[in-house]
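So the structure is just underneath, and the comments pick up after that.
Basis for what follows: all heavy atoms, side chains included, without hydrogens, waters or symmetry-related copies. Throughout, protein chains are lettered first and strands after them, A, B, ... in sequence-line order, and every chain is numbered starting at 1.
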Protein chains: 2
Amino acid sequence: MPTSSRFAVAVHILTYLARDRKRAHRSEEIAGSISTNPSVVRRILGDLARAGLTTSQLGKGGGALLARGPKKISLLEIFNAVEDQSLVAMHRTPPSRSCDIGRTIQPVLQSITKTAEDAFFAELETYSLKDVVRSVQTAAAA
Amino acid sequence: MPTSSRFAVAVHILTYLARDRKRAHRSEEIAGSISTNPSVVRRILGDLARAGLTTSQLGKGGGALLARGPKKISLLEIFNAVEDQSLVAMHRTPPSRSCDIGRTIQPVLQSITKTAEDAFFAELETYSLKDVVRSVQTAAAA
DNA sequence: TGTGTATGTAACCAACAAAGTTACATAAGG
DNA sequence: CCTTATGTAACTTTGTTGGTTACATACACA
């Protein structure tokens, strides 16, 4: 069902930046690790910069940098920076207003799915970018 | 991000059936409440029947029926019957295997997102179709 | 102050998925 | 039998994503 891979790509980018914070990394370099187009990376870096998670430098030696320590960046922040806030879609076209159910089901369903989404987000918030970096390092060593 | 509205439509259908369990309801009748095509309703009813949530009768007076009481149908069962089991997508094309991060990030990310998805599912499980019917009735009365 | 390098963003395209639509074989009811 | 309804397949339409190209802008540094 989920058609967007932006979250996965965003975490990948940030993990890449977190691994070496000493210098800026070009979108082309990052794109090589993801196997995608540099412009796709820049598009997502745009979202991340707007969310205050990264900064960028132009010109020679330029590229993207983490705006703060990986321990201070939660996966929820990353998710919110690049994905829609809703995990469950309502009817594509509005249901019949001349039926009790059609008229009322959407708010009812939305309030229920919101509690489930909140549980999802609360769990995501318990993980930091640092956790990902650590797991990747462990996995890469093996 | 979520591109499927199947869950919303499935809950709508089941709420419709739960409101009047005395008789079978035709797909055309249900489609009127949803404002969609009867064939779309039948397609989703197919999933619901395979999951054991509904039954159908052919011929005159036929249509769909709830297979058990609405108190015994959780929203999680409905979700599982009609939607993919994953809320978060990985990279669309596999990342570079010649990079530590590219090689290892997917399993790392998947194990984290699984815990968040599980929290979502656990919360959905606490709601029954009966809860939806009750809320719809309350909302419709107002 | 000029040259090279990198970003940010817009515009467009191709690929994919979802829902809408049409059609029809099949089975139940009377 | 004839009508009614489902179940499913096939096709079309629509929307979204990511890939691609292009380019204006800005910074670094010689």
Side-chain angles (χ1 to χ4, degrees), chain A residues 1-10 12-13 17 23-32 34-51 53-65 67 81-84 86-96, chain B residues 1-10 12-13 17 23-32 34-51 53-65 67 81-84 86-96:
Chain A
M1 173 190 53
T3 179
S4 159
S5 63
R6 286 206 260 277
F7 176 62
V9 173
H12 191 143
I13 292 172
L17 298 182
R23 63 179 183 87
H25 297 269
R26 290 176 304 125
S27 60
E28 193 181 347
E29 177 192 347
I30 302 170
I34 300 179
S35 291
T36 186
N37 193 293
S39 202
V40 172
V41 173
R42 292 203 293 273
R43 188 146 61 193
I44 291 179
L45 275 172
D47 288 337
L48 297 173
R50 265 181 290 277
L53 302 180
T54 61
T55 57
S56 288
Q57 287 170 5
L58 288 170
K60 179 143 199 168
L65 291 158
V82 299
E83 297 274 10
D84 288 354
S86 168
L87 300 174
V88 180
M90 290 297 110
H91 308 57
R92 189 179 272 194
T93 53
S96 165
Chain B
M1 171 190 57
T3 180
S4 159
S5 63
R6 286 201 194 88
F7 176 63
V9 172
H12 191 144
I13 291 172
L17 298 181
R23 62 179 184 85
H25 297 268
R26 291 176 302 126
S27 59
E28 194 181 347
E29 178 193 345
I30 303 170
I34 300 178
S35 291
T36 185
N37 195 292
S39 202
V40 171
V41 173
R42 292 204 292 274
R43 188 149 55 196
I44 290 180
L45 274 170
D47 288 337
L48 296 173
R50 268 182 287 278
L53 302 180
T54 61
T55 59
S56 288
Q57 288 170 5
L58 287 171
K60 179 142 195 170
L65 291 158
V82 300
E83 297 273 11
D84 288 353
S86 167
L87 300 174
V88 180
M90 289 298 110
H91 308 56
R92 188 180 273 193
T93 54
S96 166

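A salt bridge is absent between Glu28(B) and Arg42(B): the closest approach of a Lys/Arg side-chain nitrogen to an acidic carboxylate oxygen does not fall below 4.0 angstrom.
Between Ser4(B) and the phosphate of dA18(C), there is no side-chain N or O to OP1/OP2 separation shorter than 4.0 Å. OP1 or OP2 of dT7(C) has at least one side-chain nitrogen or oxygen of Ser27(A) nearer than 4.0 Å. For the OP1/OP2 pair of dA6(C) and a distance below 4.0 Å, the side-chain nitrogens and oxygens of Arg26(A) include at least one atom meeting the criterion. Distances shown here put every side-chain N or O of Thr3(B) at or beyond 4.0 Å from the OP1 or OP2 atom of dT16(D). Listed pair Ser39(A) / dG8(C) fails the phosphate criterion, with no side-chain N or O lying under 4.0 Å from OP1 or OP2.
In this structure, Arg92(A) atom CZ and dT13(D) atom P are separated by 15 Å, rounded to whole Å. Between Met90(A) atom CE and dG15(D) atom P the separation is 19 Å, expressed in whole Å. At whole-Å resolution of the value, CZ in Arg43(A) and C1' in dC23(D) are 16 Å apart. dT7(C) atom C1' lies 13 Å from atom CG of Leu65(A), rounded to whole Å. dT6(D) atom C1' lies 14 Å from atom CG of Asn37(B), rounded to whole Å. Atom-to-atom, NE2 of His91(B) to C1' of dG18(D) comes out at 13 Å; the value is rounded to the nearest Å.
Nearest to the side chain of Ser5(B), among dA19(C), dG18(D), dG7(D), sits dA19(C). Nearest to the side-chain atoms of Leu58(B) among the listed nucleotides dA5(D), dT20(D), dA6(C) stands dA5(D). Here the nucleotide nearest the side chain of Arg42(A), chosen from dG7(D), dT9(C), dG18(D), is dT9(C).
No N or O donor and acceptor, one from the side chain of Arg50(B) and one from the base of dG7(D), sit under 3.5 Å apart.
Smallest separation of non-hydrogen atoms from Val41(A) and Ile34(A): CG2-CD1, 4.3 Å.
Heavy atoms of Gly63(A) sit under 4.0 angstrom from primed sugar atoms or phosphate atoms, though from no base atom.
Judged by distance alone, the side chain of Asn37(A) and the main-chain N or O of Ser39(A) form a donor-acceptor pair under 3.5 Å.
In terms of position on DNA chain D, the residue among Ser35(A) and Ser56(B) whose nearest nucleotide sits closer to the 5' end is Ser56(B). Where His25(B) and Val9(A) each meet DNA chain D at their nearest nucleotide, the meeting point lying more 5' is that of His25(B).
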